[in-house]
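Taking it in order: structure first as structure tokens, then the write-up.
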Amino acid sequence: MLVSKTYPNLKDVTYHLITSTKELEIALRSLEQSSILGLDCETTGLDPHTHTLRLIQIAVPNQPVILIDLPQIAPCDRGLLQQFLAKPTLKITHNGKFDWQFLTQAGLQPSAPFFDTQLAYRVLTAGLKTSLSLQTLAQKLLNIELDKTQQVSDWSKPLTSQQLQYAALDAAILLELYPILVKKLERWQSLPAGNLQLLKIAQLEFHCMPAVAQMELNGMLLDLSRWQRLGAKLESDRDTALQQLSQLRIAGNAQMSLLPEMTDTINPNSPQQVLAALQSSEIPVSSTHQKELVPLAKHYPVIRALLDYRHLSKIMATFADSLPKHIHPVTGRIHPTYYQLGARSGRFSCRNPPLQTIPRDAAVRTCFIAAPGCQMVRADYSQIELRIVARLSGDARMQRAYRKGEDLHRLTAALVTGKAIADVSEEDRRLAKAINFGLIYGMGATKLQSYAETKYGVTLSLEQAKAFRKRFFEAYAGVAEWHETIKRNYIRGIKESRTLAGRRRRWADKPRLAELLNHPVQGLNADITKLALVKLNKVLVGTGAKLICTVHDEILLECPAAEAKHISYLLLRCMIAAARKFLHPIPVVVDIKVSASWGGDET
DNA sequence: TCAGAGTGCGCC
DNA sequence: AAACGGCGCACGCTGA
């Protein structure tokens, strides 16, 4: 099954199957001396709320792999195992989040430190589209072909020797991967540029893993009846928009008579058909993209109706109809999957359902509620990306503004319009937001124009967009220089980028300039939020607070109402401490709210 | 008929 | 010369 001269330890991996408490006691004693162990589990399925552990595999160097047939060990006899896993032995896992969740559900929560080979490999390959399966790692790092056919076998029946052999190998191989990955993570540390701490980034991820695992187990509570009422309203609004759309289309049909086959068979969800219909009504569009339609909405009611319809049907399809399907039958809560290295920048990604993209609309967010007797405590970093830009670029004016606690958007508005700060209008400030957020990643004038219109409702001519762009970089010369520095790297053909914390992103091909501008910022934001989660996980021990969601620069907790004040203090402290480590001397501002729901606005 | 690329848009 | 980045999901459409 496995042939390798290089890894004699993996040739004929021997194992010891434990089926009684007595055997377990002896086996655990034999493992006690080792400072590291490979840990893996086989389960009856993938859901830690409904499926259960079947086998726990523990590998230590130079010993048979211990395979614990957990159902054979009476729950009252699992104390020793629980104590064993709670010891500070280094646990080497592959996708340890999964094992952590099942072990935790079984009352066998493993304690740090962890070394997760999957996270480690992603830290090394961030930005590349590499597979992260154990099979791939075995192949690339050990030159071994791993047979995973047993992975999907039936683990609820009596175990076959193939299953046992497979299970033992999965744990044993972790011990071989570990030193290789450590060496790779450390190698980058010795490069001359300094501050290259890939091992530290990997350890940040390892420390974050239990917080993420627990966050998934905790899930979020949706007020279903409120949600359904909202859904009904959205649906009727959508249908109203659709009706308007069809009436308006008929009204415009004088021009459409050339294409009679289109008049009543247009699918409003088809960009192709909509584009053809708009063009045949002599509306000057080259695509039906939002950015092209928004400026026309003022002049054409049909476009307004189309945009309204699209918005509402988007929310209906992606959220209103789908979220209730994700309510877990056992917990009654929504448990998405978070991938802590899901984004190339180091950010989390989240799916099933995508809680990171829930509409901001208060009507939507107030449906996400704290459990009875509990409050939601949520906090987000104020303008974290702009503060990071101020920190990285060293731009004097930005730094001064932040240190004096000024409103950077107002400042930008004043600088680009030439007005005094006191005369800056609300619209000027919205314009400035578009400018600040857009231009820091190198947006061009054309995009700035449509971005300001679409996202901030500010209409600009192309000339104005060009002029504002020019003035922005004159006003923030440090930002312009920072861009120039990165541009030089870009021209040199550099293929990787680092955050201040050392996180690296790689490119297989030539990166785009904007990607090189973005990664140090978005990546550091991820570093900071993850550090905050790690700090938080420590201080929340013993409290009633639960981590329930994180959205890039925001952290949501749920806790008994009586604790809310204390918990919000802890959350604030952790987030500020995490950001301060990298942003100093730029001040860190965290906005914190305690409320009954995600949308509530109390405190 | 079904996988997959493309379009479009929700969030930060 | 010019260039915002990072996601996941639903949908219509294409081509084998």
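A, B, ... follow the sequence lines: proteins, then strands. Residue 1 opens every chain. Since the model is a prediction, treat every value here as computed from it, not as a measurement.
In this structure, CD1 of A:Ile388 is placed 16 Å from P of C:dG6, rounded to the nearest angstrom.
A salt bridge links A:Glu484 to A:Lys487: at least one charged side-chain nitrogen sits closer than 4.0 Å to a carboxylate oxygen. Salt bridge A:Lys593/A:Glu554: absent, no basic N to carboxylate O contact under 4.0 Å. Under a 4.0 Å N-O distance rule, the pair A:Glu515/A:Arg506 does not qualify as a salt bridge. The existence of a salt bridge linking A:Asp308 and A:Arg304 is confirmed by a sub-4.0 Å separation between a basic side-chain nitrogen and an acidic carboxylate oxygen.
When each of A:Lys200, A:Arg122, A:Arg503, A:Lys97 is tested with A:Glu205 by the rule salt bridge (charged side-chain N to carboxylate O under 4.0 Å, His left out), just one qualifies, namely A:Arg503.
Residue A:Lys455 is classed as having no contact, given no heavy-atom separation below 4.0 Å to the nucleic acid. Within 4.0 Å of A:Ser313, counting heavy atoms only, lies no atom of the nucleic acid at all. Here A:Glu515 lies in heavy-atom contact (under 4.0 Å) with sugar-phosphate atoms only. Counting non-hydrogen atoms under 4.0 angstrom, A:His311 reaches the backbone sugars and phosphates but no base.
Close to C:dC4, at under 4.0 Å from its OP1 or OP2, lies no side-chain N or O of A:Arg512. For A:Arg469 and C:dC4, the shortest distance from a side-chain N or O to OP1 or OP2 is not below 4.0 Å. Contact annotation: A:Arg505 side-chain N/O to C:dG6 OP1/OP2 distance is under 4.0 Å.
The side chain of A:Asp553 lies closest to B:dC12, out of B:dC12, C:dG6, C:dG12. Set against C:dA10, B:dG10, B:dG8, the side chain of A:Ala317 has C:dA10 as its closest nucleotide. Checked against B:dG10, C:dA2, B:dG8, the side chain of A:Tyr490 finds its nearest nucleotide in C:dA2.
A residue-by-residue look at A:His552 and A:Lys487 shows that A:Lys487 has its nearest nucleotide of DNA chain C further toward the 5' end.
In terms of polar N and O atoms assigned as donor or acceptor, the side chain of A:Lys447 never comes within less than 3.5 Å of the base of C:dC4 in a complementary pairing.
Relative orientation of the A:Phe348 and A:Tyr338 rings is perpendicular, given thresholds of 30° and 60° on the angle between their planes.
Using a 4.0 Å cutoff on non-hydrogen atoms, the parts of residues 341-362 of chain A near DNA chain C are A:Ala343, A:Arg344, A:Arg347, A:Ser349, A:Cys350, A:Arg351, A:Asn352, A:Pro354, ordered by number.
Residue pairs that meet the salt bridge (Lys or Arg N to Asp or Glu O under 4.0 Å) test with at least one member in residues 443-468 of chain A, sequence neighbours left out, are A:Lys298-A:Glu453.
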